[in-house]
2 protein chains.
Amino acid sequence: MTEPTHAVDPVRLRAYFALIEVSGLLRHAIEQQLQADGDLTFVRFQILRRLQLSPAGRQRMTDLADAIVFSRSGLTYQAGLLEKVGLVVRNPSPDDERGVTIAITDAGRALVDAVMPGHEAVVDRLLFSQLSQDDARTLTALLTPVRDHMREAPPRSARPRRARS
Amino acid sequence: MTEPTHAVDPVRLRAYFALIEVSGLLRHAIEQQLQADGDLTFVRFQILRRLQLSPAGRQRMTDLADAIVFSRSGLTYQAGLLEKVGLVVRNPSPDDERGVTIAITDAGRALVDAVMPGHEAVVDRLLFSQLSQDDARTLTALLTPVRDHMREAPPRSARPRRARS
DNA sequence: TAGGTTTGCTTCGAACTCGAAGCAAGGTGA
DNA sequence: TCACCTTGCTTCGAGTTCGAAGCAAACCTA
């Protein structure tokens, strides 16, 4: 257990570990709830929710992939599954023949609405039972700049694509 | 985009989304760095780091799986890979013939030490460039109770096993 | 407007993940 | 001590994930 050559700032280390661990546990719990309440995985739920929040319930594949931090090929696969069960539809983008637009269907919206109460219950129970309203605000204030910075300064490859105008 | 029946507290919602998004982006970036610097995945890195921090560099399989929020079967698979390249060794637990103890080797320690500087660099660049020392402390203060609460109150099944004495 | 590059998505193969089932060792109670 | 339940790990099969390669449309630029 002797310290390696580089001394790590323990304050930052703890924050980093806590973040990783909380998100892991939270995601794990959410996965269970979504499976039980709507036969959804977390990824599929994220896809549907993003679409539901998008104007007209539709988005470009690439933009959607970036929004949920997911590979393009993975999204193609999941979109295929969701389309097969009628929760989304895919169409060529009107403005760009290469592009594909994915849109949520009424059934998709209904499913999201159906699982949302349980979803919120889990998040409330695990995350917000320990955080006051102010705490939540503080957390957002801390993490928002971090997120924005990450989106701008991609690690190596795998860059977020240009913003759509 | 009419609101569904349940009104969601937007403050909490933002905090939750920010958390999920930041951890996703962070993990993604870390994955790249570990791959480049040490041919490691995030999971394998977590396994090695946990072991390195454990007394005598060893732990029970089950306890390790709980510590990193990972399935037992998944851990068996990864442990097999790590053992094959000499970064860990597995042995029957001395006190319980069923149990398996996994221990980090010198090569494993060396590899962790080798990737740590790059690892910290990524975390610093993405996470802590946007957070002051105080911010980091605040973040830890917010997330630590959450983590502890999650560990105690598992979602449904998949509960953390008894603490080892 | 032809050639080459870039962009957007899908296909493909390999690796990873999980839960269920399997198997062996550890309890436990009559 | 013998059945029976529990515990700890592994094996197995099915589903998921990713990057690389493939392909077509779009965008240069001369």
Side-chain angles (χ1 to χ4, degrees), chain A residues 24 27-32 34-36 39-47 59-85 88 90-102 155-164, chain B residues 24 27-32 34-36 39-47 59-85 88 90-102 155-164:
Chain A
R27 185 175 165 141
H28 198 258
I30 289 172
E31 201 95 43
Q32 312 264 325
L34 291 173
Q35 192 66 58
D39 195 30
L40 280 176
T41 62
F42 186 56
V43 168
R44 287 199 270 274
F45 173 69
Q46 279 190 301
I47 292 172
Q59 229 179 334
R60 283 280 209 102
M61 290 286 280
T62 289
D63 298 331
L64 181 56
D66 287 339
I68 62 176
V69 191
F70 200 61
S71 73
R72 279 98 228 273
S73 51
L75 180 56
T76 296
Y77 175 74
Q78 291 295 347
L81 294 183
L82 288 170
E83 190 166 38
K84 188 151 42 179
V85 295
V88 305
R90 278 180 292 184
N91 288 111
S93 297
D95 54 320
D96 184 341
E97 199 56 37
R98 294 165 303 179
V100 170
T101 293
I102 178 171
R156 231 152 265 237
S157 58
R159 56 182 18 70
R161 296 308 147 98
R162 67 199 162 63
R164 322 228 84 231
Chain B
R27 186 176 164 141
H28 199 258
I30 290 172
E31 201 95 43
Q32 312 265 326
L34 290 173
Q35 193 66 58
D39 194 31
L40 280 176
T41 62
F42 186 56
V43 168
R44 286 199 271 275
F45 173 69
Q46 279 190 301
I47 293 171
Q59 228 177 336
R60 282 277 207 106
M61 291 285 281
T62 289
D63 297 332
L64 181 56
D66 287 338
I68 62 176
V69 190
F70 201 61
S71 73
R72 281 95 226 273
S73 50
L75 180 56
T76 295
Y77 175 75
Q78 291 295 347
L81 295 182
L82 288 169
E83 190 166 39
K84 190 150 43 179
V85 295
V88 304
R90 276 181 293 182
N91 289 111
S93 296
D95 53 321
D96 185 341
E97 198 58 34
R98 294 164 303 179
V100 169
T101 293
I102 178 171
R156 231 153 266 236
S157 59
R159 55 183 15 72
R161 295 309 144 98
R162 67 197 161 65
R164 321 229 85 231

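Letters A, B, ... mirror the listed sequences (proteins, then strands); counts begin at 1.
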Could you tell me if B/R60 and B/T101 have a donor-acceptor pair between their side chains, going purely by distance under 3.5 Å? no
Would you mind reporting whether B/T62 and B/R72 have side-chain heavy atoms less than 4.5 Å apart? yes
I need a per-nucleotide contact map over nucleotides 9-18 of chain D, read 5' to 3'. Cutoff is protein heavy atoms under 4.0 Å; write B for the base, S for backbone only, - otherwise. SBB---SBBB
Could you list the residues that satisfy side-chain hydrogen bond (donor to acceptor under 3.5 Å, both in side chains) with A/E31, not counting sequence neighbours? none
Does the side chain of A/T41 reach to within under 4.5 Å of the side chain of A/R44, using non-hydrogen atoms? yes
Nearest-Å distance for atom pair CG/P, residues B/D66 and D/dT7: 14 Å
To check you understand the geometry: which heavy-atom pair defines the closest contact between A/G24 and B/V69, and what is its length? O-CG1, 4.0 Å
Calculate the interatomic distance between B/Q46 atom CD and C/dC16 atom C1'; express it in whole Å. 15 Å
Rounded to whole Å, CD of A/Q35 lies from P of C/dT17 at a distance of 18 Å
Distance, rounded to the nearest Å, where B/E31 contributes CD and C/dA15 contributes P: 16 Å
Whole-Å gap separating C1' (C/dG8) and CG (A/L64): 14 Å
Pairs flagged by salt bridge (Lys or Arg N to Asp or Glu O under 4.0 Å) wherever residues 74-84 of chain A is involved - sequence neighbours left out: A/E83-A/R90
I need the CG-C1' distance between A/D95 and C/dG8, as an integer number of Å. 12 Å
